[in-house]
Number of protein chains: 2
Amino acid sequence: MYVCTVKLEEAKAKFIEAWGTLGSQWGINRTMSQIHALLLVSPEALSTETIMEQLNISRGNANMNIRALMDWGLVNKELRPGDRKEYFKAGKDMWETARKIVAERRRREIAPVLDLLSQLNTDKISGDNQAELDAFKSGVKEISDFTGKANDLVEKFVKSDQNWFYKTLLKLVK
Amino acid sequence: MYVCTVKLEEAKAKFIEAWGTLGSQWGINRTMSQIHALLLVSPEALSTETIMEQLNISRGNANMNIRALMDWGLVNKELRPGDRKEYFKAGKDMWETARKIVAERRRREIAPVLDLLSQLNTDKISGDNQAELDAFKSGVKEISDFTGKANDLVEKFVKSDQNWFYKTLLKLVK
DNA sequence: CTTTATTTTCAGTAATTATTGAAAGTTTGA
DNA sequence: TCAAACTTTCAATAATTACTGAAAATAAAG
């Protein structure tokens, strides 16, 4: 097995790039993921200025995405006495980070669909073609049941603590 | 609680719309999700023509996304004797469907990132600033460890059968 | 209150991603 | 071998999404 030596800046760039790509494939703004990645591997909180120059992005872009990261609870503001600038740092606990991301996406994106599905499940659907009606109803029911169960599981994850997750869930993997 | 009566076409449109929106929020082409939704609630296999007119999309768009759905293993071609057209139907088992989606996304998107992370973990990283170096290494290690565990869990899900999933995993939810 | 440092907003623009439609390709049957 | 029926491709275009940069807003210091 070969062990390579690479420059820190190069390794960091690779990591940020990969994290940004991953994010954008999953519907998260590339810049947002990249800022998050940058903060995850920085020893100290960074100012907007620093983030701007490290990632070559504009002030507006930096500001909006830092704000979004704070909305998600993934990044916190840090104020320093005698300094008017704001500094930002990412929570480094990945379990907590994942928990927050999952919770937020569930709330914003999954919950509305679950609502619609249960709505469609309770509504009386009218139509002339019986085969179509039956297929629609049973299709929606199947999806609704599965999604409901998956959602319960996700909820369990979101509400559990790290200890439970690692001990109870991961022993299933063995 | 009010129970409403709605027309089938209206309910179907809502469902397709919601499924398309959900998909696009998670990095899946809207049309692809919509075709999938349409097929999920159709009693029989549909031709490209039918899909085109139901969703108001062009032939090229329909063809490319049907093909993508088949690549993902979510939709199958159905040939009818004495008919040159191809018909398409979606697998209706949601557990199987979810399993395929997760497996495919893991393969395409997660696996490369895992590779990079383990690469970064084994590489010797050089740099002058010790604090930066340490933060990078420990950050990458934390992410790598977590992601590795999550990946094991996902792998378990992907390789398990439906029975295991419902019995073993869902009793945790209780 | 005024000046200065900093953050926020947002209209305009750039970049990316999705869609169309027509032409090229393929398959089938006569 | 040809024509008809159908599928695939892809350059052009449309639609969406992200980013910029400068002006407006805010906050702190003098």
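The shown structure was predicted, so the numbers you read here are calculated from the model rather than taken from an experiment. Below, chain A is the first sequence line, B the second, and so on; all start at residue 1.
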Value rounded to 0.5 Å, distance of OG1 in B:T50 from NZ in B:K85: 7.5 Å

Can you tell me how far [atom2] of [N] sits from [atom1] of [X], to the nearest Å?
X: B:L69; N: D:dT8; atom1: CG; atom2: P; result: 13 Å
X: B:I51; N: C:dT20; atom1: CD1; atom2: C1'; result: 17 Å
X: A:R80; N: D:dA28; atom1: CZ; atom2: P; result: 17 Å
X: B:L55; N: C:dT19; atom1: CG; atom2: C1'; result: 13 Å
X: B:I35; N: C:dA18; atom1: CD1; atom2: C1'; result: 12 Å
X: B:K85; N: D:dA5; atom1: NZ; atom2: P; result: 10 Å
X: A:L79; N: C:dA5; atom1: CG; atom2: P; result: 18 Å
X: B:I66; N: D:dC6; atom1: CD1; atom2: P; result: 14 Å

Any non-hydrogen side-chain atom of [X] less than 4.5 Å from a side-chain atom of [Y]?
X: A:H36; Y: A:T97; answer: yes
X: A:K89; Y: A:V75; answer: no
X: B:I143; Y: A:L40; answer: yes

Where at least one partner belongs to residues 38-67 of chain A, residue pairs that pass salt bridge (Lys or Arg N to Asp or Glu O under 4.0 Å), sequence neighbours excluded: A:E49-A:R59

Minimum-distance pair of heavy atoms, taken over all atoms of B:L133 and B:G127: CD1-O, 3.4 Å

Protein proximity profile, nucleotides 9-23 of chain D - base contact B, sugar-phosphate-only contact S, no contact -, cut-off 4.0 Å on heavy atoms: B--------SSBB--

Nucleotides 25-30 of chain C: protein proximity per nucleotide (B base, S sugar-phosphate only, - neither; heavy atom, under 4.0 Å): --BB--

Donor-acceptor pairs under 3.5 angstrom involving side-chain atoms of residues 12-20 of chain B: please list them, not counting sequence neighbours.
residue : atom : partner : partner atom : Å
B:K12   : NZ   : A:E132  : OE1          : 2.9

Those residues that, when tested against A:K77, pass side-chain hydrogen bond (donor to acceptor under 3.5 Å, both in side chains) (two or more places apart): A:E86

Which residues share a salt bridge (charged side-chain N to carboxylate O under 4.0 Å, His left out) with B:K159, sequence neighbours left out: B:E155

